[in-house]
Engineer: 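Take this structure first; my questions come after.
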Amino acid sequence: MSGRLETIGVVAQIAFRNLFASRLKTFIVGGIIFFGALIVVVGNSLLDSVDASMSRSVIGSVAGHIQVYNSNSKDPLEVMGSMSMGDPDISQLDDFAKVRDSLLKVPNVKSVVPMGISGALVTSGNTIDLALEKLRGLVKKQLAATNDADRAKAASLVAAEKGHVRQIISLLQGDLKNAHVLLDEKAIDPEDIAAINRASSDAFWAAFDQKPLDALEFLENRIASLAADSDLIFLRYVGTDVQTFEKSFDRMKIIDGQMIPPGKRGFLFSKYVYEDQLKLKSARRLDLIKEGRELRGETIAKDLDLQRMVRENVAQVREVQLQLDAPQTATFRQKLQTFLGATDQDVSVLLAKFFATDDANFAARYDFFYKELAPALELYRVRIGDVLTIKAFTRSGYVQSVNVPVYGTFQFQGLEKSTLAGGLNIMDLVSFRDLYGFLTGERMAEINAMRAASGAKEIPREKAEAELFGTRQTDDTTASGKGGTEKTAPRHITATATPGILPPSNEPGGILAEKLRRDEVRGRVFNPDEVKRGVVLNAAVILKDPKKIPQTIEAIEAQGKADGLPLKAISWQKASGIVGQFIIMARIVLYVAILIIFTIALVIINNALVMATLERVKEIGTLRAIGAQRRFILGMLVIEALVVGLIFGGAGAVVGAGVVKIIGKIGIPATSDIWFFFFSGPRLHPFLGITNIIGAFVIVLLVSAVSSFYPAWLAMRVTPRQAMAEDE
């Protein structure tokens, strides 16, 4: 044993001497190994940190640790959108209560959140719509007033709002006249001109108070459509049991308004969507310019995107001007003249000058806008408390609509700027089932009431054809029967509804069902069992121990089979679709880069050792002559390579660990909304894993050992005779 140690000591001593004697080659080879080890430690640490952050974003915002859906579905579930940009074709789970009970039998399952994800187009409403809605409300108050004081107060408010509407109509009339410059005369509908001329006439407004509701109907039906400042907004939403959702996803926070009350219909806007799509565009652009300047250090002078937003604000002052009635116009004129030191009388000109911001005046104008101008404006097209009408295509392809009150806005803490996390709004589960065309208990009750009122009866599906075409199967095979069928008079029938699917509105009963719904059901409080026992598309599963996702997936699917439920369980990475594949793709890129670096290192180390071996033929031959065995020569060269790997690879790993520690304290800023999601917040703070250090050492030693084999093989073939020939 002591002899072996002495041999190893001698071999190591010779190896160190040789490395020191060839310092230049040693440092070249060592530098490559140092750089490779540093890349392995830093790269893997960054990817592990992004992976952990992104998992917090995905798990904490909508996916949970595991998603469960119907195993008979045509497409795989992707809760954060798919490459096809459409929603996957997912079959429903008929009874969520059974699914939930089955999932909770799995020991690692902590909670289950019912879900369904879909999207719809809604119109934000234009300015005149909002003004007419306000005027109608004031008129109703005036008509309902029971004393002179209330009547006089309401009349004053009606008169002010009438002035606002007249001003909007005046602007629309100007737009229509200007359209002659851009459009062919035939492209302008003469009826539009006649309608706008009537609405702007003194006679129309003089007669308004005599029949205000008739006048409002004319304005709403004929004039409002001429204002083209409404927006068509695509809303993506998750229908869920909002109370369970809030408890399970603890990053969710109500920002404005309140949570949807238990058992009630309702809608929560994502704060990101609310700001980005529903805010007054001029104000939103000011916010974005401020964010660009303060958070990203951009300047209007150099950033083309900020310059574009300034130009749009200057050119699009009409959306602000349309909101102003006569007194507000005068107030705006006076404030803007004072602030700008201008004498212009046209408010549109003053607004254009005000929005012509640069780096020097932006901060002052931003503050002035929000302190002096914004309080007089409707900053959002949909306000908290409004009722939102959402129309969407059901699974069967017909259009369904629901009215849902907007209770507030929410966001996931740390993901405020993320489009991925902020693009999803929340709707109560009952309204989602309505929109998706599922047969809810409420709808079933309506249909039963409708059947009772109409005298319709339910017939089996197999007899529907005979009933529909006036023939009826009979068992009479006598001569009078003539073949077993007989003619009958046509009758009113109702086909058996497909389980889970409502009859479309163009079928008997569909229109009546639509009429039976609306406002009276909007305020209804649903029994918790109605919410739990209905249809869902998928469910998010929150685990007690998130490290056991693969085992829990197997347990969930096994439990589903045992309970006769078609359950398919997938991890959050698969459920998040292409988003979840980001880290896998990034790791592939990193590993390819590491492979290239160490392949180059292996070639260079190999060449350097081959050259060193050829230079040391005399030395090696002499060692062989005095009795050194070939394995001694092999060990000497391998140890030389391993020493280089250990010293320089270790130094690279230590420096890499230091780099990760420093970056971890400073943090990497998220420069876009995508990185907000991947970093799970405004900054990524990388952490160092011990596996990254160990991995770097293993790779470095492996490359060093492999690169020494060929030169060692050459060295072992050197004989004392070759050494003597070298002397000669």
Engineer: Look up atom CG in Leu379 and atom OH in Tyr274, then write down how far apart they are to the nearest 0.5 Å.
Structural biologist: 9.0 Å
Engineer: Students often mix this up, so state it plainly: with edges at 30° and 60°, are the rings of Phe412 and Phe410 parallel, tilted or perpendicular?
Structural biologist: perpendicular
Engineer: To the nearest 0.5 Å, how far apart are CD in Gln92 and OG in Ser73?
Structural biologist: 9.0 Å
Engineer: Could you tell me whether Lys281 and Glu319 have a side-chain N and a carboxylate O separated by less than 4.0 Å?
Structural biologist: no
Engineer: I'd like to know if Arg308 pairs up with Asp305 as an ion pair, taking the criterion as any Lys NZ or Arg NE/NH1/NH2 lying under 4.0 Å from an Asp or Glu carboxylate oxygen.
Structural biologist: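 Answer for the salt bridge query: yes.
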Engineer: In sequence, state the C-alpha distance, the side-chain angles, and the governing distance for His164 and Gln167, and then conclude on side chain to side chain donor-acceptor pair (under 3.5 Å).
Structural biologist: CA-CA 5 Å; His164 182 201; Gln167 178 152 315; over 6 Å; no
Engineer: Can you list the steps and then say if Asp256 with Tyr380 is a side chain to side chain donor-acceptor pair (under 3.5 Å)?
Structural biologist: CA-CA 13 Å; Asp256 308 302; Tyr380 299 93; over 6 Å; no
Engineer: Is any NZ, NE, NH1 or NH2 atom of the basic residue among Arg265 and Asp434 found under 4.0 Å from an Asp or Glu carboxylate oxygen of the other?
Structural biologist: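 Looking at Arg265 and Asp434, the cut-off is met.
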Engineer: Start with the C-alpha gap between Phe354 and Phe339, add the side-chain angles, then the distance that decides, and say whether ring pair (Phe, Tyr, Trp, His ring centres under 6.0 Å) holds.
Structural biologist: CA-CA 9 Å; Phe354 175 78; Phe339 181 79; 5.8 Å; yes
Engineer: Answer yes or no: is there an ion pair linking Glu78 with Lys574, defined by an N-O contact shorter than 4.0 Å?
Structural biologist: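 Looking at Lys574 together with Glu78, the answer is no, because their closest N to O distance does not fall below 4.0 Å.
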Engineer: Angle between ring planes, Phe245 versus Phe249, binned at 30° and 60°: parallel, tilted or perpendicular?
Structural biologist: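 Plane angle between 30° and 60°, so tilted.
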Engineer: Rounded to the nearest 0.5 Å, what separation is found between the CZ atom of Phe269 and the CD atom of Gln411?
Structural biologist: 15.5 Å
Engineer: Are any of the side-chain nitrogens in Asp325 or Arg166 under 4.0 Å away from the carboxylate oxygens of its partner?
Structural biologist: no
Engineer: Restricting to non-hydrogen atoms, name the atom on Ile542 and the atom on Ser248 that form the minimum distance, rounded to 0.1 Å.
Structural biologist: CG1-CB, 4.0 Å
Engineer: Check this for me: does any side-chain nitrogen of one of Arg222 and Asp192 sit under 4.0 Å from a carboxylate oxygen of the other?
Structural biologist: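 A salt bridge links Arg222 with Asp192.
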Engineer: Is there a side chain to side chain contact (heavy atoms under 4.5 Å, CB included) between His685 and Phe679 once you walk through the steps?
Structural biologist: CA-CA 8 Å; His685 296 279; Phe679 291 178; over 6 Å; no
Engineer: Can you name the side chain to side chain donor-acceptor pair (under 3.5 Å) partners of Gln328, sequence neighbours left out?
Structural biologist: none
Engineer: Step by step, work out the salt bridge (charged side-chain N to carboxylate O under 4.0 Å, His left out) result for Asp386 and Arg383.
Structural biologist: CA-CA 6 Å; Asp386 286 352; Arg383 297 161 296 188; 3.4 Å; yes
Engineer: Any salt bridge (charged side-chain N to carboxylate O under 4.0 Å, His left out) involving residues 348-367? Give me the pairs, sequence neighbours left out, ordered by first then second residue.
Structural biologist: Arg293-Asp359, Asp344-Lys353
Engineer: For the pair Glu275 and Lys271, find out whether any cationic side-chain nitrogen is under 4.0 Å from an anionic carboxylate oxygen.
Structural biologist: yes
Engineer: Determine the minimum heavy-atom distance between Leu288 and Leu306, stating which atoms define it.
Structural biologist: O-CD2, 4.3 Å
Engineer: Kindly indicate, with the supporting measurements, whether the criterion side chain to side chain contact (heavy atoms under 4.5 Å, CB included) is fulfilled by Lys302 and Thr299.
Structural biologist: CA-CA 5 Å; Lys302 294 183 179 178; Thr299 62; 3.4 Å; yes
Engineer: Answer yes or no: does atom NZ of Lys134 have more than 12 heavy-atom neighbours from other residues, nucleotides or ligands under 6.0 Å?
Structural biologist: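 It does not: Lys134 NZ has 12 such atoms or fewer within range.
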Engineer: Apply side chain to side chain contact (heavy atoms under 4.5 Å, CB included) to the pair Ser680 and Arg251, showing each step before the final yes or no.
Structural biologist: CA-CA 11 Å; Ser680 195; Arg251 296 183 72 164; 2.8 Å; yes
Engineer: Nearest 0.5 Å please: distance from the CD1 atom of Ile289 over to the CG atom of Asn313.
Structural biologist: 6.0 Å
Engineer: Rounded to the nearest 0.5 Å, what's the gap from CD1 on Ile90 to CE on Met115? Could you check?
Structural biologist: 13.5 Å
Engineer: Mind checking the CD1-CG spacing from Ile117 to Asn425? Nearest 0.5 Å is all I need.
Structural biologist: 11.5 Å
Engineer: Assess whether side chain to side chain contact (heavy atoms under 4.5 Å, CB included) is satisfied between Val273 and Leu235, documenting all intermediate values.
Structural biologist: CA-CA 8 Å; Val273 171; Leu235 291 180; 3.8 Å; yes
Engineer: Please report the shortest heavy-atom distance between Gly257 and Ile384, naming the atom on each side.
Structural biologist: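 Looks like CA-CG2, 4.1 Å.
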